[in-house]
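Here the structure is laid out as structure tokens; the discussion comes afterwards.
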Amino acid sequence: MIIVLSKSVSSHDKEMIRIYLRDRGFSVRDQTFGEDAVIGASGKGAVDIRELGLLPGVERVAATSKPYELVSRETKAEDTIVTVSAGPSFPGVKIGGSRITVIAGPCAVESREQIMETAALVRESGAVMLRGGAYKPRTSPYAFQGLGMQGLEFMKEAGEAQGMPIVTEVVSPELAVQMKDLTDMFQIGARNMQNFELLKKVGSLGKPVLLKRGPSATIEEWLLSAEYLLAAGTADVVLCERGIRTFETYTRNTLDISAIPVVKSLSHLPVIVDPSHAVGIRAKVSSAALAAIAAGAGGLTVEVHPRPDQALSDGPQSLYPEQFERLMRDIEALAPVVGKELLRTPRPGAARTFHAGAVSSSGVSGSPREPLPAAFCGENGAFAEQALTRVFGEDMPRLQVQSFPGIFDAVLEGSALAGVIPVENSQTGSIHENYDLFLRYSDIAIVGELKLRIVHCLIGDERASLDSITIVRSHPQGFAQCKEFLEKHPQWVLEPATTTAGAVASIAREGALKVAAIAGEAAALAHGLKVIKAGIETNPLNYTRFVIISRRIGDKAPVPPSLGSGAPNKASLVFSVPDEPGALFGCLKILSDRGINLSKLESRPIQGKPWEYLFYVDVSIPDTAGDFEAVITELKTKTRDFHHLGAYRASL
Ligand code: PEP
Ligand code: MN
């Protein structure tokens, strides 16, 4: 805090100001600032700034530190990731970090049937948590007030049926205690954001809290309310921007998009957005939701109703189920652009398929309870490791291997549950080496895929700058993808490295000032180096497609729950055809007759068989395609060397 003194301040006044501050726990020092004499006060003292401003000799007072501490980025640099759990038999839902978590449900629980139906619908479209109000703080005392504890019981049942934790609003400290065992996350509504007794009580109960921003609250006031929750004992607070009151009346509130990046820089807590209450108009909710994701929101809470026109509250802003489904698909497509992944969790019943136990029961793994790692190839911070984190989450143990066959071996032997393999880049095409491995390892199947946006950075020592660099290291693909940037620095010597993250690791080892590397930001973080310049790839539409592999057991391979549990809608095949007219056409006709779309067709020479070619084929499988196994059987009759690499859920 800085106290600017008036020009006429006497030495007595000055001393009184110093004493006043010291008495309140500050250490003080005299300074000059340009023409002004100032007193700098630091430490953890408590003072009313307005009162201080009234002391004789004080011109004005400026606060230099933030009034909140526990929620501040300065106190904790890394993102907080909040886990909301519905109990030990359900998977926890994470909010924060590089995932997008979507919560959906009706404004209010209206009946058992309504919440059960809505929960099933939103789950089907990919929501991972259920929202709904049992106690509704309504502007009018005559409006529907909610079903109370009975509503909460219905909601809990609906959440459990769909494997979704629930979040519901709490309106008083007494109710917080009663609701504690039924809800998985408390919501503090906008109208109650500054109900400090409620904040203290809810914060002391140790459950995760979703804290809505008050309609007229500044960001600082909002963060101070979060500070109340943390000070009371909970560490798991998610902030929710839901629109603020402005002069605009067309929309219900004004969605403060800029609050998202601002709060993310001020606080380590996750920030999500409620586009429904922000906009208040159904047809505009999805656009606002996508804008929120583009601005960096870690998730959404969206109102959805099976029949919005009959809803007892907030019908006009509730999405129809079809609109919500469309929104979820759009979010999935947008997620890689902002470097995130839409979070999926297993539905009840599917949860068992990917535990170590399922594999060990066929004798692959020793200990059924110990979680097995997922394998990737490369150094810490490699793009493959980022892909692994996106698919399996931060807590998944990882096995680092030095070669791609090493991943296949680890999965086959059971020392890894799954592996992450890059197969294709949007600019440079297929990675043939890895396709060949699928042909060699026929007991390995593709069970999922992920498209990761590749953002390259120039990385170096903390003291390095564009001017200090003379050598740049990277994988040749890194150089190729950053050609335009490198052309601006023709004096730099380019040194090829085996991997991009490996180039970063070498600089960390050598501590060289003159050498920089081209790699992803995660590699800089993993090796304690600095990003000198981010986003140096020539084409920002640069994606690498990774596939997730797992070991076949019979004709099935366990699927990681995070990849969703819906029926496969994509398959990857490799085959050759007899050398005769119409041979390939015959295969494609089988697909075309069933309405199966080809999403990739590539041919490449077969090793050791000059002028013979293998076809790499990816197909999208529509629901209407019927039995896909029958298609495979038919294709086998028309092809040679047929390999079904796997059927899985496509990543958009
Ligand atoms: C709600 O989410 O149900 C709600 C009432 O929202 P808000 O508190 O943001 O108005
Ligand atoms: Mn509502």
Side-chain angles (χ1 to χ4, degrees), residues 84 95 101-110 114-115 118 122 127 129-141 143-148 151-152 155 166-172 175-176 179 183-195 198-199 202 208-217 221-222 225-226 229 237-246 251-256 259-260 263 271-282 284-285 288-289 292 297 299-320 324:
V84 187
I95 308 177
T101 307
V102 179
I103 307 169
C107 177
V109 182
E110 298 169 359
Q114 172 251 16
I115 191 71
T118 316
V122 297
M129 271 183 70
L130 181 64
R131 61 144 289 142
Y135 293 91
K136 296 301 303 174
R138 305 300 299 279
T139 307
S140 161
F144 175 60
Q145 303 285 312
L147 297 184
L152 186 52
M155 195 172 160
I166 62 171
V167 53
T168 195
E169 178 160 355
V170 55
V171 291
S172 74
L175 279 170
M179 291 163 75
T183 190
D184 305 313
M185 183 182 214
F186 283 115
Q187 176 170 315
I188 305 279
R191 290 156 198 79
N192 270 318
M193 188 203 85
Q194 286 186 314
N195 181 340
L198 180 64
L199 294 173
V202 170
V209 186
L210 182 70
L211 178 65
K212 294 258 189 124
R213 179 181 181 182
S216 304
E221 287 164 341
W222 185 19
S225 290
L229 291 167
V237 174
V238 176
L239 299 164
C240 178
E241 160 63 41
R242 46 76 75 201
I244 51 173
R245 187 164 286 192
T246 67
T251 51
R252 184 172 176 182
N253 289 288
T254 298
L255 177 58
D256 185 4
I260 304 162
V263 170
V271 190
I272 70 162
V273 164
D274 171 351
S276 310
H277 292 87
V279 178
I281 308 166
R282 183 184 307 125
K284 315 285 186 276
V285 165
L300 298 170
T301 171
V302 186
E303 286 186 347
V304 182
H305 196 287
R307 289 162 295 279
D309 46 325
Q310 293 168 27
L312 296 183
S313 64
D314 283 348
Q317 70 191 33
S318 300
L319 295 186
Y320 282 99
F324 179 63

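Both ligands and their constituent atoms are indexed starting at 1 by order of listing. Residue indices begin at 1 and follow the sequence shown.
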Do me a favour and list the nearest non-hydrogen protein atom to atom 10 (O) of ligand 1 with residue, atom name and distance? Arg242 NH2, 2.7 Å
Taking all atoms of both residues into account, what is the closest heavy-atom pair of Val171 and Pro137, and its distance? CG1-CG, 4.1 Å
Of Met193, Glu169, Lys212, the one whose closest heavy atom lies nearest atom 2 (O) of ligand 1 is Lys212
Close N or O approach (Ala190, ligand 1; < 3.5 Å): yes
Hey, does Arg213 sit under 4.0 Å from ligand 1 if you only count heavy atoms? no
Could you check whether any side-chain heavy atom of Phe186 comes within less than 4.5 Å of a side-chain heavy atom of Leu210, counting everything from C-beta outward? no
Over all heavy atoms of both residues, which pair between Leu319 and Pro308 is shortest? Give the atoms and the distance, please. O-CG, 4.0 Å
Those atoms of ligand 1 less than 4.0 Å from some heavy atom in His277: 1 (C), 2 (O), 3 (O), 4 (C), 5 (C), 6 (O), 10 (O)
Can you confirm whether the side chains of Asp314 and His277 place a donor and an acceptor under 3.5 Å from each other? yes
Around the Mn ion (ligand 2), how many protein N/O/S atoms fall inside 2.8 Å? 4
Closest contact, heavy atoms only, Ile188 versus Val170: CD1-CG1, 4.2 Å
By number and element, which atoms of ligand 1 are closer than 4.0 Å to a non-hydrogen atom of Arg191? 7 (P), 8 (O), 10 (O)
Is any side-chain N of the basic residue among Arg213 and Glu221 closer than 4.0 Å to the acidic one's carboxylate O? no
Minimum heavy-atom distance between Asp184 and Pro208, given as atom pair plus value: O-CD, 3.4 Å
With Gln317 as reference, evaluate Arg282, Glu303, Lys284 under the side chain to side chain donor-acceptor pair (under 3.5 Å) test and give the passing residue. Glu303
Of all the atoms in ligand 1, which lie at a distance below 4.0 Å from a heavy atom belonging to Gly189? 8 (O)
Testing the basics here: between Leu211 and Val237, what is the closest heavy-atom pair and its distance to 0.1 Å? CB-CG1, 4.3 Å
